[in-house]
Protein chains: 2
Amino acid sequence: MATLIAPSNHSPVEDAEALQKAFKGWGADDKAIIAILGHRNVYQRQQIRKAYEELYQEDLIKRLESEISGDFERAVYRWMLEPADRDAVLANVAIRNGNKELHVVVEIACVLSGEELLAVRRAYHNRYKRSLEEDVAANTTGHLRQLLVGLVGAFRYEGTEINTKLAQTEANILHESVKEKKGNYEEVIRILTTRSKTQLVATFNRYRDEHAISISKKLLDQTSDDFHKALHTAIRCINDHKKYYEKVLRNAIKKFGTDEDGLSRVIVTRAEKDLKDIKELYYKRNSVLLEDAVAKETSGDYKKFILTLLGKQE
Amino acid sequence: MATLIAPSNHSPVEDAEALQKAFKGWGADDKAIIAILGHRNVYQRQQIRKAYEELYQEDLIKRLESEISGDFERAVYRWMLEPADRDAVLANVAIRNGNKELHVVVEIACVLSGEELLAVRRAYHNRYKRSLEEDVAANTTGHLRQLLVGLVGAFRYEGTEINTKLAQTEANILHESVKEKKGNYEEVIRILTTRSKTQLVATFNRYRDEHAISISKKLLDQTSDDFHKALHTAIRCINDHKKYYEKVLRNAIKKFGTDEDGLSRVIVTRAEKDLKDIKELYYKRNSVLLEDAVAKETSGDYKKFILTLLGKQE
């Protein structure tokens with residue numbers, strides 16, 4: 001379930017006018033910006049952007065960028081983009097930042113549905129005049145490249161059929177590959193990049209049944225090169241992406257100085273989807289409310305905005 | 001340009017009734033079937049199928065399969081399927097027939113546009129409850145697998161921009177890989193599976209400018225394992241698919257006993273697209289009309305049907 005609280009009806013024109021008013025004078029009225037944009041769903045935000053463009057012949061996103069700054073600006077900017085376009089931007093930034101951020105690409109490739117991932121790839125074409133897989137491949141090599149290109153290129157079958165015999169066979173293949181440091185990664189890559197998620201979850205369960213440890217935990221024992229890290233992220237995202245996101249939030253919050261990029265990414269991309277479930281997982285795991293943890297580690301308008309998306313009532 | 005001759009208006013109901021009449025009695029009236037279906041475009045055929053289903057509570061394609069047989073049946077069956085569904089069937093049959101037919105998969109992946117290829121992948125899900133890349137990967141290994149999974153997973157950028165510096169760099173990479181028998185295929189695979197077709201053609205041109213031979217000709221000198229064959233087909237399909245199809249037709253016709261599957265595949269899949277251009281290339285290359293060559297090597301209803309799709313007037 002979502003955390004976003006949005007009214008069932010709103011006037012895009014009135015919202016656009018209120019935003020224009022908030023931009024007037026020296027320094028924007030950030031509170032007004034948050035009160036509006038922090039309470040509108042994706043469709044409503046696109047309508048506001050359109051109304052604003054028609055009223056003032058100006059792109060609302062560009063105007064926002066010039067009015068606000070820092071983490072607040074970055075979070076609002078991402079919130080205002082259409083989801084597929086936002087993921088295209090997130091992927092591109094991650095690729096440009098080198099291997100340490102490739103988990104963002106893995107997230108997008110493994111958490112989204114087939115059609116959602118295709119929408120991101122279309123948005124990537126429009127924005128960067130290249131394909132997502134092109135940039136991924138040009139910035140990686142070896143097994144890491146094979147895995148990532150396979151993941152972003154996947155268009156998985158989404159039926160609920162499970163082949164239990166296949167799950168057994170492929171759990172064995174995963175076991176054989178993972179138990180040695182230098183395993184047969186070709187087969188691991190094939191399985192992870194082409195099987196349906198339902199089938200993969202069955203395979204991961206089979207693995208756990210036989211080896212009394214989950215494959216993702218087993219992988220943590222391995223050398224933590226970039227390939228293994230990506231593999232680990234892919235398995236976690238496919239197996240249970242909400243649990244995965246809970247951990248991203250946990251790490252972002254406990255990090256010295258707080259990882260605002262990670263925090264914003266999860267909250268902005270999941271607020272309209274399943275952030276409520278992720279919040280519950282967070283509470284279960286940490287015995288602290290996610291809102292309270294976030295409030296402690298952030299400040300100013302950024303804090304207000306993020307807490308609004310988290311569903312905090314004023 | 002297309003070769004198919006279809007009326008601008010037709011009555012799906014009348015066509016369905018005429019087909020039902022043609023099925024009556026012992027042995028179908030093949031001439032009537034060809035006169036109707038051989039002169040209807042993809043949209044009209046789907047309308048006839050729908051009208052037939054409504055009138056007789058029976059799938060027209062299934063009925064056709066029971067009424068006719070042999071090469072004629074196979075060609076009509078493929079002709080009646082929606083293009084994306086037909087390509088899904090062609091790919092599946094090719095995969096099941098082992099490595100010697102993988103060029104059919106390469107054709108589909110490299111000749112179709114990005115959105116067309118996605119439509120085939122969707123049709124593959126619907127029909128086989130698995131993904132195309134899943135079946136490709138499970139039936140291949142090594143570089144061949146990497147290349148094919150990359151090709152079917154590609155969603156290439158389709159803008160007309162060309163990066164000439166990149167074309168030069170990557171022509172060099174291709175040269176280095178191809179000149180040795182055991183080259184750096186990883187980079188070749190990366191380039192062929194991720195760059196836009198426009199960019200790739202520029203790269204192939206650069207290669208020819210520098211080495212006075214086209215890269216596809218150069219590849220013919222190599223060991224002709226399955227990987228190199230697939231590579232060769234991919235380059236030819238991306239570089240000039242009409243020229244490629246002309247050669248498929250030429251080989252199908254000159255083969256002892258004629259390769260009806262190859263012949264039907266090209267004629268059925270291109271009749272509504274660019275078969276006229278392919279016919280012209282055939283005439284230029286062989287100094288024989290394609291219709292005459294086909295007429296000489298085929299017979300019966302199959303011959304009549306194929307010649308009808310080739311635009312032969314009664």
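Chain naming here is simple, since letters A, B, ... match the order of the sequence lines and numbering starts at 1 in each.
A salt bridge links A/Arg190 with A/Glu170; the closest basic N to acidic carboxylate O contact falls under 4.0 Å. Taking 4.0 Å as the cut-off between side-chain N and carboxylate O, A/Arg74 and A/Asp261 count as a salt-bridged pair.
Applying a 4.5 Å heavy-atom cutoff, none of the residues of residues 87-97 of chain A approach chain B. Of all residues spanning residues 129-142 of chain A, those with a heavy atom less than 4.5 Å away from chain B's heavy atoms are A/Lys129, A/Arg130, A/Ser131, A/Glu133, A/Glu134, A/Ala137, A/Ala138, A/Thr141, A/Gly142, arranged by number.
In terms of heavy-atom pairs under 4.5 angstrom with chain B, the leader among A/Glu115, A/Glu161, A/Glu158, A/Arg122 is A/Arg122. Contact count against chain B (heavy-atom pairs under 4.5 Å) is highest for A/Leu118 among A/Leu118, A/Ile191, A/Val149.
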Test log, rule side chain to side chain contact (heavy atoms under 4.5 Å, CB included), inputs A/Gln146 and A/Tyr185: CA-CA 10 Å; A/Gln146 260 187 68; A/Tyr185 297 131; over 6 Å; no
Pair B/Asp59-B/Glu53, side chain to side chain contact (heavy atoms under 4.5 Å, CB included): steps then yes or no: CA-CA 6 Å; B/Asp59 181 13; B/Glu53 175 93 46; 4.2 Å; yes
From CA spacing to verdict: side chain to side chain contact (heavy atoms under 4.5 Å, CB included), A/His143, A/Val188: CA-CA 10 Å; A/His143 286 128; A/Val188 175; over 6 Å; no
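Under the rule for a salt bridge (Lys or Arg N to Asp or Glu O under 4.0 Å), B/Glu101 has no partner lying at least two apart in sequence or in another chain. By the side chain to side chain donor-acceptor pair (under 3.5 Å) test, B/Asn126 is found to be paired with no residue, residues two or more places apart in sequence or in another chain being considered.
For chain A, no part of B/Gln199 is nearby; none of its heavy atoms comes within less than 4.5 Å. Using a 4.5 Å cut-off between heavy atoms, A/Arg145 contacts chain B through its side chain alone, with no backbone atom that close. For a residue to count as touching a neighbouring chain, one of its non-hydrogen atoms must lie under 4.5 Å from one of that chain's; by this rule A/Arg156 touches chain B with the backbone only.
A donor-acceptor contact closer than 3.5 angstrom links the side chains of A/Arg208 and A/Asn205. For the residue pair A/His228 and A/Asp225, a side-chain donor N or O sits within less than 3.5 Å of a side-chain acceptor on the partner.
Heavy atoms from other residues, nucleotides or ligands lying under 6.0 Å from NZ of A/Lys62 number 12 at most.
Each of A/Arg45, A/Gln47, A/Gln46 was scored for a side chain to side chain donor-acceptor pair (under 3.5 Å) with A/Tyr43, with one residue passing: A/Gln47.
Between A/His211 and A/Tyr207, the ring planes are tilted. Angles from 30° to 60° get that label.
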